[in-house]
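A short worksheet on the structure shown next.
Since the structure is predicted, the reported quantities are computational estimates derived from the model, not experimental observations.
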Amino acid sequence: MPAGGPAAAPAGAATAPAPVATPKVQAPKLAVTVTEVIDVTPMIKRFRFEPSDGAALPPFSGGAHVIVEMREGDVLRRNPYSLMSPPSQTSSYTISVRRDDQGRGGSRFLHRDVRPGHRLLISPPVNLFPIDWRARKHLLVAGGIGITPFLAQMDQHARADSAFELHLSVRERAQGAYLDELEARFGGRVHIYCDDRGERIPLDALLADQPLGTHLYVCGPAGMMEWILATARAAGWPDQSLHSERFLAPASGAPYEVTLAVAGKTIRVTEHQSMLDAIEAAGIDAPYMCRGGACGECETAVVACEGTILHNDHFLSADDKASGRKIMPCVSRFEGRSLVLQR
Amino acid sequence: MLVKGIKSRPVYAPLRPRPGDHHLIVANEEGALAIVDLAGAADLGFLARARIIYVPGGSAAAGHDTRLAGLGAAACDVMPANAPAIAALRDALATARMGTQVYTAGTEDFIGQVIQAALDAGMDLGAIGAEHRGSLERRVQCVHCKAITEHVTTQPATCIGCGRSLLVRDHYSRRIGAFQGVSIDAEEPGTRPPSEPVFA
C-alpha cells in the first residue's frame with residue numbers, strides 16, 4: 001500500500017492522466033528568500049533565509065536540519081543542512097555550507113549561484129540530533145563544519161544554564177568557522193584543536209574524566225565520528241549516552257532500473273542520481289526526511305530482487321540488510337537484473 | 001491474582017562483563033553465585049578493576065563471602081545488611097566517572113534498590129546489569145499511604161504503614177525501586193482472601 005497513509009491515493013490513481021497532482025505525503029514546504037550571504041572562510045558560506053510571505057518560520061530545536069531544494073535547469077537537488085541560528089529565532093534561519101567540489105553539486109550551486117533575493121523552497125525543520133535533557137552534562141565534539149548543529153544547541157544550553165563543553169577540531173585556525181565568536185561567547189567551555197599545529201582532541205583523557213550522567217554528542221567527518229564513538233564504547237559509555245549525526249551523500253554508481261509496483265512504473269536511476277531522486281523525478285511523491293541514510297523515513301519494502309542491493313544507509317540493522325526485504329532509496333543503490341519495490 | 005503482561009515488570013538477564021575501567025559489583029545472598037559466574041566469564045584484567053559489595057544471607061549463604069573475597073577483586077566489602085550496602089554503593093557512585101559499570105545480583109528487592117541508586121547517580125540503563133537470584137521477595141509501595149513495605153513474600157501483603165491488605169501488582173517503578181500495592185478489598189471491605197506465600 002502507498003506509504004502515505006490515509007492521505008495517499010489508492011494505487012490505481014497512478015494510472016490517472018494527470019500524474020502531476022500526486023498526493024502530498026510531505027509537510028508543506030516553506031517558501032524562503034535568501035537575505036544574506038556571508039563568506040565565513042574561503043570554503044564556507046553562511047546563508048540567511050527569511051520567509052517570502054513575511055510570516056514567522058516554525059520554531060525548531062538545536063540539532064534540527066532542513067532540506068534545501070535547489071533547482072538548476074532540469075536538475076532538482078535536495079540536500080540536508082543543519083540550522084545554526086538560535087532556535088528561539090523564527091524571523092529567519094541560517095545555515096553554513098562548506099563547498100564540496102567532489103560532491104553532487106548542491107553545495108557548489110549554493111556557493112556559485114545563490115545570492116540575496118534568490119527564492120528557495122525548504123522543508124520544515126526536522127530534528128534527528130536533539131539534546132537529551134535527561135543528561136547531567138553535555139559533551140559536544142565537532143569536526144570542521146560539523147560545528148553547525150552545535151551552534152544552535154549551545155544557544156539552548158546557555159539559556160538553560162546546562163553543563164556543557166565543546167571540543168572542536170579544525171584543519172587550521174584560519175579555515176575554521178566561528179572560532180572567535182565561540183570563544184568570545186562561551187570562554188573556557190570551548191576547546192579548539194588545530195591539525196596544522198599538531199593539536200588533537202585528547203579523547204581518552206576527556207572520556208575518562210566525565211561525571212556520571214554525561215552524554216556525548218558527535219558531529220563531523222565520518223572517520224572522526226567512528227573513532228570517537230568506538231573509543232567511547234570501548235571505555236564503557238552506554239549507547240544511551242551517545243548521540244551522533246551523520247548525513248551521507250548519496251553514492252554514485254552504475255545506472256540501473258527499478259520497477260515501482262504500486263505506481264506501475266519502471267524508472268531508470270542514472271549514475272549521479274539517488275533512487276529517491278529518480279522516484280521523485282517520475283512524479284511519485286515518496287516519503288523522506290533526512291535524505292542521508294539516517295532517519296528511516298524513506299524505508300521501502302522490496303517485492304522482488306534479482307541482484308544485489310548496495311545498502312549504503314546506517315539505519316537498517318545488519319539483519320534487515322541481509323534479509324534483502326527493505327531498502328533506503330535515499331542513499332542505497334542496486335546492481336543486477338531486476339528490482340521491484342513496493343512504491 | 002497477578003495481572004500478566006504489565007510492561008514495567010523488570011526483566012533480568014545473566015550478568016556479562018562489559019568494557020570499562022571501573023566495575024561496581026553489588027550482590028546479596030545467592031547473588032554471590034552470579035558474581036562467581038561473571039568473574040569466570042571475564043578476562044584477566046576485569047577483577048583488578050572491580051569492587052565487590054556483598055550482603056550474605058539466604059538459604060545457601062554459607063561461605064559465599066569468603067568465596068567472593070578469593071576472586072581477586074581490587075576490593076571486596078562484606079556488609080551486614082542491604083541498607084548499608086546500598087549506602088556504600090551511593091558513596092562510590094558520588095565520585096564515579098562515565099564508563100563505570102554496575103552489576104547487581106540477588107533478591108529482587110535488593111537489585112531494585114541497586115538500580116535505583118545507579119539511576120539516581122545519573123547512570124544510563126545500558127551501564128547497569130541485573131540478574132535475579134534467590135528469593136522473589138518484593139519491595140512494595142502502598143498506593144494509599146505511600147509507605148514502602150520491605151521483604152514482601154505473600155499475596156495479599158499487609159502494608160507496614162496503614163495496615164491495609166494489599167494486592168501486590170507487577171506494576172513496577174524503577175524510580176522508587178518498588179512494586180505497586182493496592183487495597184485488595186476496597187470495593188467489598190472484609191472480603192480479602194487468605195495470604196499465600198507467592199514471592200518466597
Side-chain angles (χ1 to χ4, degrees), chain A residues 63 129-142 153 157 160-167 189 191 201-219 225-245 314 317-318, chain B residues 10-13 15-26 38 41-51 53 73-74 86-104 114-130 173-175:
Chain A
F129 189 46
I131 298 169
D132 188 334
W133 292 104
R134 294 168 296 187
R136 305 269 171 102
K137 178 182 172 183
H138 308 268
L139 183 63
L140 317 179
V141 183
Q153 289 192 349
H157 284 312
D161 201 21
S162 47
F164 75 94
E165 54 190 74
L166 170 74
H167 296 262
R189 292 200 274 201
H191 307 263
I201 296 173
L203 189 60
D204 290 330
L206 196 60
L207 293 175
D209 193 25
Q210 297 299 330
L212 287 182
T214 304
H215 281 216
L216 174 66
Y217 302 75
V218 193
C219 187
M225 296 194 16
E226 281 162 20
W227 166 61
I228 291 171
L229 294 173
T231 306
R233 286 198 182 96
W237 287 57
D239 284 342
Q240 294 98 328
S241 68
L242 304 178
H243 309 271
S244 61
E245 178 157 77
H314 46 84
S317 67
Chain B
V11 177
Y12 307 106
L15 296 179
R16 296 267 177 272
R18 291 189 303 274
D21 281 339
H22 190 200
H23 304 277
L24 284 168
I25 300 170
V26 193
L38 172 68
D43 62 32
L44 285 174
F46 179 83
L47 286 162
R49 303 188 299 271
R51 176 185 175 192
I53 299 173
I86 299 295
L89 170 65
R90 286 183 183 273
D91 281 351
L93 290 172
T95 53
R97 314 309 279 171
M98 280 303 285
T100 299
Q101 308 293 323
V102 166
Y103 307 82
T104 184
V114 170
I115 294 168
Q116 180 193 26
L119 294 176
D120 283 350
M123 292 187 73
D124 289 296
L125 286 171
I128 305 167
S173 165
R174 283 201 295 243
R175 182 177 62 84

Response to the item:
Pair count under 4.5 Å, heavy atoms only, with chain B: among A/A135, A/A232, A/G213, highest is A/G213
Under 4.5 Å from any heavy atom of chain B - which part of [X]:
X      : result
A/D239 : neither
A/L216 : neither
A/R134 : neither

Worksheet item: Hey, what do you get for CZ (B/R97) to CH2 (A/W237), rounding to the nearest 0.5 Å?
Response: 9.5 Å
Would you name the heavy atoms of [X] and [Y] that are closest together and state the gap between them?
X      : Y      : answer
B/P19  : A/A234 : CB-O, 3.3 Å
A/L212 : B/T100 : CD2-CB, 4.2 Å
B/D124 : A/H215 : OD2-NE2, 3.5 Å

Worksheet item: Which one, B/M98, B/M123, B/Q101, leads in non-hydrogen pairs under 4.5 Å with chain A?
Response: B/M98
Worksheet entry | Which atoms of B/L125 approach chain A - backbone, side chain, both or neither, heavy atom under 4.5 Å | both
